[in-house]
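One structure is given here, and the rest of the page talks about it.
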Amino acid sequence: MSGTTHTYSMDELVSLCKRRGFIYPASEIYGGINGFWDYGPLGTALKNNLRDRWWRDMVKRPPLGPDGNEISIVGLDSSIIQNPRVWEASGHVGGFNDPMVDCRETKSRYRADHLACLGIKGNASGQIYAFVSGDDESLASARKKLEKYIKRSLDDAELDTCALTDLSADELAVTVGPDTKNAGTLTEPRMFNLMFESYAGAIKSEDSKVYLRPETAQGIFLNFGNVVDTMRVKVPFGIAQIGKAFRNEVTPRNFIFRSREFEQMEIEWFCHEDEAEHWFEFWCDVRSKWWQSIGLTGDNILMRKHDDDELAHYAREGCGTFDIEYRFPFTHPGFGELEGVAHRGNYDLTRHQEFSKKKLSYFDQPKNERYIPHVIEPSAGLSRGTLALLCEAYTPDPDRASKVYMAFHPSIAPIQAAVFPLVGKDGMPEIAATLWAELRERWDVVTDVKQSIGKRYARMDEAGCPFCFTIDGDTASDQAVTVRHRDTQAQERIALDKVSAFMAARVG
RNA sequence: GCGGGCGUAGCUCAAUGGUAGAGCGUCAGCCUUCCAAGCUGAAUGUUGAGGGUUCGAGUCCCUUCGCCCGCUCCA
């Protein structure tokens with residue numbers, strides 16, 4: 001499937017995920033719950049392999065920097081629930097606790113209760129002009145547009161104002177936004193509170209309200225000072241974290257692609273402002289190659305820089321944002337985001353310094369300079385990565401018994417090898433048990449003596465197990481086994497005592 | 001959030017308003033020397049859930065939950 005267009009529907013993949021224990025709907029026996037999914041045994045193994053690979057390659061054995069030496073990255077595991085003021089500083093509360101109105105044309109967003117409307121008394125059919133209440137300039141602009149529309153000047157007594165939230169849908173359709181000349185560009189007021197709320201403690205009140213984190217990044221910024229003080233790190237360095245995040249998405253959709261509970265793998269790379277661009281390029285390159293190293297190599301993966309008009313609030317200046325995207329069956333022929341590498345400037349640390357009144361600057365001894373570091377953030381979706389691996393692996397093959405196999409890269413396959421006695425007698429199960437015990441010390445290996453060999457191979461195809469080692473009647477005498485390759489169904493014979501070496505060479 | 005479609009066994013699907021089934025899978029036994037083989041048998045359903053119409057509802061109506069598609073949205 002690698003490098004080709006997907007030729008299957010998402011339904012088929014979802015069906016296999018259920019059938020073979022990769023992913024189940026959450027709370028299924030109660031009818032499910034929108035936006036939540038459970039990982040079955042094989043899905044958990046796959047996700048854990050992806051997670052562990054990331055942690056190994058980014059934290060335990062980080063990449064080599066431009067100077068040829070390993071860069072410095074430390075791990076962190078911060079709490080899902082933090083002091084609510086964290087989310088005020090980060091900008092997540094504010095835009096999200098109040099009904100908001102978007103302008104489709106200018107992409108501006110306004111608090112609905114901050115907008116008022118200007119019209120002519122007794123004239124319901126004309127256009128209505130929105131302005132920011134309390135802002136004289138905005139009001140003057142609205143009045144000017146209104147006068148231009150009716151082609152005459154107006155007395156104050158003719159004017160009628162009301163709150164935007166009092167408008168009907170029909171009225172909103174003829175309303176001109178504060179920063180535009182065309183009517184009907186404003187959306188209806190909507191709650192954008194994408195954060196899940198809960199209450200810490202027994203008393204359920206405003207004072208005890210807390211939020212589940214909508215991103216893991218803030219936990220890293222909160223601990224920047226602690227890490228600098230305790231870990232003898234020097235800028236540039238990174239802090240990495242893997243964990244769950246929660247967003248109360250309006251429309252969860254596309255299997256686990258947009259769910260309300262998901263996992264992220266994030267690095268916040270702290271560096272001097274002057275070196276930010278250089279490190280941005282470095283991380284774009286490192287992260288692109290990493291996804292390729294786990295099997296996402298073909299036309300289905302895309303690396304691209306964001307257009308300026310789609311940048312997040314924290315990334316409008318600087319190097320911009322680089323996306324690593326995957327062509328999922330449901331986005332085809334388009335792409336969906338797997339990871340974003342963003343230059344966040346020093347927005348977050350600066351904001352937390354302001355809000356917390358705690359110094360979050362860094363003193364650079366060699367430069368003899370105190371500054372708030374800039375941040376390059378490679379933020380990857382673990383759930384989305386798992387989905388991309390599933391999509392990439394799914395390979396229909398009408399010529400084989402299972403009709404489909406999962407072509408996982410051997411290093412991240414949930415089952416990396418199977419050991420089968422050809423039949424359950426003549427000493428074959430005993431040899432299989434010995435080989436299985438040897439291999440499972442290092443790899444994820446299963447063994448199975450039941451039913452026909454074909455049926456067992458077929459099961460392994462759907463589970464995505466790359467290698468099956470079969471003990472037959474000759475093994476006892478020639479000390480050799482048959483290796484059956486998942487992708488080609490080809491077989492070869494290798495020495496029993498070379499199986500571990502075979503696995504080490506291909507799986508790692 | 002809006003509009004449309006769908007929901008029957010683990011999966012894929014049947015069943016004029018009239019006794020809920022098949023294939024595959026799963027499991028057990030026998031057999032079996034390289035690709036879901038063969039034989040025998042078994043388990044599994046409040047037909048997503050809850051109401052209503054009817055002598056009788058998987059089927060018709062209402063509500064709700066979930067999934068898919070198209071808009072909208074995705075800081």
Side-chain angles (χ1 to χ4, degrees), chain A residues 9-21 24-37 40 87 90-102 104 107-109 169 187-195 214-215 217 247-255 257-260 262 310-316 329-330 336-337 340 342 397 399-405 418 420-428 448-462 468-476 481-486 488-493:
Chain A
S9 73
M10 212 48 204
D11 287 348
E12 295 172 65
L13 177 62
V14 172
S15 170
L16 179 134
C17 284
K18 173 78 187 295
R19 188 169 74 244
R20 285 298 167 192
Y24 313 122
S27 309
E28 190 181 15
I29 62 172
Y30 288 101
I33 176 166
N34 194 359
F36 299 89
W37 300 88
W87 311 113
S90 70
H92 288 87
V93 180
F96 303 97
N97 268 341
D98 304 295
M100 303 294 286
V101 171
D102 283 343
R104 296 188 185 95
K107 308 291 181 192
S108 307
R109 175 166 289 168
T187 63
E188 291 189 31
R190 286 170 297 201
M191 291 297 288
F192 272 82
N193 184 5
L194 293 191
M195 283 196 291
E215 63 176 25
R247 295 185 198 179
N248 210 348
E249 296 285 355
V250 176
T251 312
R253 202 169 274 199
N254 292 329
F255 203 28
F257 181 77
R258 176 169 298 140
S259 51
R260 288 177 168 145
F262 56 97
E310 54 183 331
L311 292 180
H313 60 84
Y314 49 75
R316 291 223 166 80
F330 48 81
E337 184 181 329
D397 180 359
D399 294 333
R400 69 173 72 194
S402 57
K403 306 298 183 200
V404 62
Y405 64 99
F420 296 144
L422 185 57
V423 293
K425 61 181 183 184
D426 300 340
M428 297 180 217
D448 188 358
V449 301
K450 290 277 188 178
Q451 296 172 312
S452 74
I453 192 70
K455 183 170 279 201
R456 284 175 279 163
Y457 286 158
R459 280 199 197 102
M460 288 301 105
D461 279 349
E462 280 198 328
C468 296
F469 300 101
T470 301
I471 284 77
D472 60 25
D474 297 330
T475 301
V481 297
T482 301
V483 188
R484 186 263 191 185
H485 294 258
R486 174 195 63 201
T488 60
Q489 299 178 273
Q491 299 188 353
E492 63 176 311
R493 198 146 178 94

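Atoms considered below: every heavy atom in the structure, side chains included; atoms not considered: hydrogens, waters and symmetry mates. Each chain gets a letter, A, B and so on, in the order its sequence line appears, and its residues count up from 1.
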pair [X]-[Y]: side-chain heavy atoms closer than 4.5 Å:
{"X": "Leu16(A)", "Y": "Glu462(A)", "answer": "yes"}
{"X": "Arg493(A)", "Y": "Thr475(A)", "answer": "yes"}
{"X": "Arg456(A)", "Y": "Pro421(A)", "answer": "yes"}

Roughly how many Å apart are [M] and [N], using the [atom1] atom of each and rounding to a whole number?
{"N": "rG48(B)", "M": "rC67(B)", "atom1": "P", "answer": "16 Å"}
{"N": "rG18(B)", "M": "rU59(B)", "atom1": "P", "answer": "11 Å"}
{"N": "rG58(B)", "M": "rU47(B)", "atom1": "C1'", "answer": "5 Å"}
{"N": "rU46(B)", "M": "rG50(B)", "atom1": "C1'", "answer": "12 Å"}
{"N": "rU40(B)", "M": "rU8(B)", "atom1": "C1'", "answer": "29 Å"}
{"N": "rA22(B)", "M": "rA15(B)", "atom1": "C1'", "answer": "10 Å"}
{"N": "rA28(B)", "M": "rG66(B)", "atom1": "P", "answer": "37 Å"}
{"N": "rC65(B)", "M": "rU72(B)", "atom1": "P", "answer": "24 Å"}

Minimum-distance nucleotide (side-chain atoms of [X] versus [options]):
{"X": "Gln451(A)", "options": "rA36(B), rG29(B), rC27(B)", "value": "rC27(B)"}
{"X": "Val423(A)", "options": "rA37(B), rC34(B), rU32(B)", "value": "rU32(B)"}
{"X": "Arg493(A)", "options": "rC34(B), rU32(B), rA28(B)", "value": "rC34(B)"}
{"X": "Lys425(A)", "options": "rC35(B), rC34(B), rU32(B)", "value": "rU32(B)"}

Subject >> ring pair (Phe, Tyr, Trp, His ring centres under 6.0 Å) partners for Phe255(A), two or more places apart >> reply: Trp37(A)

Nearest-angstrom distance from the residue atom [atom1] of [X] to [atom2] of [N]:
{"X": "Phe420(A)", "N": "rA36(B)", "atom1": "CZ", "atom2": "C1'", "value": "12 Å"}
{"X": "Gln489(A)", "N": "rC35(B)", "atom1": "CD", "atom2": "P", "value": "10 Å"}
{"X": "Phe36(A)", "N": "rC67(B)", "atom1": "CZ", "atom2": "P", "value": "11 Å"}
{"X": "Ile29(A)", "N": "rG7(B)", "atom1": "CD1", "atom2": "P", "value": "22 Å"}
{"X": "Asp448(A)", "N": "rC27(B)", "atom1": "CG", "atom2": "P", "value": "8 Å"}
{"X": "Ile33(A)", "N": "rG48(B)", "atom1": "CD1", "atom2": "C1'", "value": "15 Å"}
{"X": "Phe330(A)", "N": "rC67(B)", "atom1": "CZ", "atom2": "P", "value": "14 Å"}
{"X": "Asp397(A)", "N": "rA36(B)", "atom1": "CG", "atom2": "C1'", "value": "14 Å"}

**OP:** Give a yes or no on whether a salt bridge exists between Asp461(A) and Arg484(A), defined as a side-chain N under 4.0 angstrom from a carboxylate O.
**Re:** yes

Closest contact, heavy atoms only, [X] versus [Y]:
{"X": "Ser402(A)", "Y": "Ala458(A)", "answer": "CB-O, 3.8 Å"}
{"X": "Arg486(A)", "Y": "Tyr405(A)", "answer": "CG-CD1, 4.0 Å"}
{"X": "Glu249(A)", "Y": "Pro252(A)", "answer": "O-CD, 3.8 Å"}
{"X": "Val404(A)", "Y": "Arg19(A)", "answer": "CG1-NH2, 4.4 Å"}

When only distance counts, do a donor and an acceptor, one from the side chain of [X] and one from the base of [N], lie under 3.5 Å apart?
{"X": "Arg253(A)", "N": "rC67(B)", "result": "no"}
{"X": "Tyr457(A)", "N": "rC34(B)", "result": "yes"}
{"X": "Thr482(A)", "N": "rC34(B)", "result": "yes"}

Hey, does [X] reach any base, or is it just sugar-phosphate, or nothing, if we go heavy atoms under 4.0 Å?
{"X": "Asn34(A)", "value": "sugar-phosphate"}
{"X": "Phe255(A)", "value": "sugar-phosphate"}
{"X": "Arg247(A)", "value": "base"}
{"X": "Arg456(A)", "value": "nothing"}
{"X": "Asp474(A)", "value": "nothing"}
{"X": "Arg486(A)", "value": "nothing"}
{"X": "Gly40(A)", "value": "nothing"}
{"X": "Asp399(A)", "value": "nothing"}
{"X": "Glu12(A)", "value": "nothing"}
{"X": "Pro25(A)", "value": "nothing"}
{"X": "Ile453(A)", "value": "sugar-phosphate"}
{"X": "Met428(A)", "value": "base"}

Original post:
Passes side-chain contact (heavy atoms from CB on, under 4.5 Å), Arg20(A) versus Arg459(A)? Steps please.
Top reply: CA-CA 9 Å; Arg20(A) 285 298 167 192; Arg459(A) 280 199 197 102; 4.1 Å; yes

Subject >> Residue whose closest nucleotide on RNA chain B lies nearer the 5' end, Ala401(A) versus Pro252(A) >> reply: Ala401(A)

Original post:
Between Gly31(A) and Glu249(A), who's closer to the 5' end of RNA chain B by nearest nucleotide?
Top reply: Gly31(A)

Original post:
What distance do His92(A) atom NE2 and Met195(A) atom CE have between them, rounded to the nearest 0.5 Å?
Top reply: 7.0 Å

Original post:
CZ of Phe257(A) to CD of Glu337(A): how many Å apart, nearest 0.5 Å?
Top reply: 7.5 Å

Original post:
So, is Lys450(A) near the phosphate of rC27(B), with a side-chain N or O under 4.0 Å from OP1 or OP2?
Top reply: no

Subject >> Presence of Asn254(A) side-chain N/O under 4.0 Å of rC67(B) phosphate oxygens OP1/OP2 >> reply: no

**OP:** Whenever both distances are under 3.5 Å in a Watson-Crick or G-U wobble pair, mark it; put RNA chain B into dot-bracket that way, with [ ] for crossing pairs and | when the partner is on another strand.
**Re:** (((((((..((((....[..)))).(((((.......))))).....(((((..]....))))))))))))....

Original post:
Among Thr482(A), Thr470(A), Val449(A), which residue meets the side chain to side chain contact (heavy atoms under 4.5 Å, CB included) test with Phe420(A)?
Top reply: Thr470(A)

Review item, nucleotides 8-12 of chain B N/O atoms under 3.5 Å of protein N/O:
{"residue": "rG10(B)", "atom": "O3'", "partner": "Lys18(A)", "partner atom": "NZ", "Å": "3.2"}
{"residue": "rC11(B)", "atom": "OP1", "partner": "Lys18(A)", "partner atom": "NZ", "Å": "2.5"}
{"residue": "rC11(B)", "atom": "O3'", "partner": "Ser15(A)", "partner atom": "OG", "Å": "3.0"}
{"residue": "rC11(B)", "atom": "O2'", "partner": "Ser15(A)", "partner atom": "OG", "Å": "3.3"}

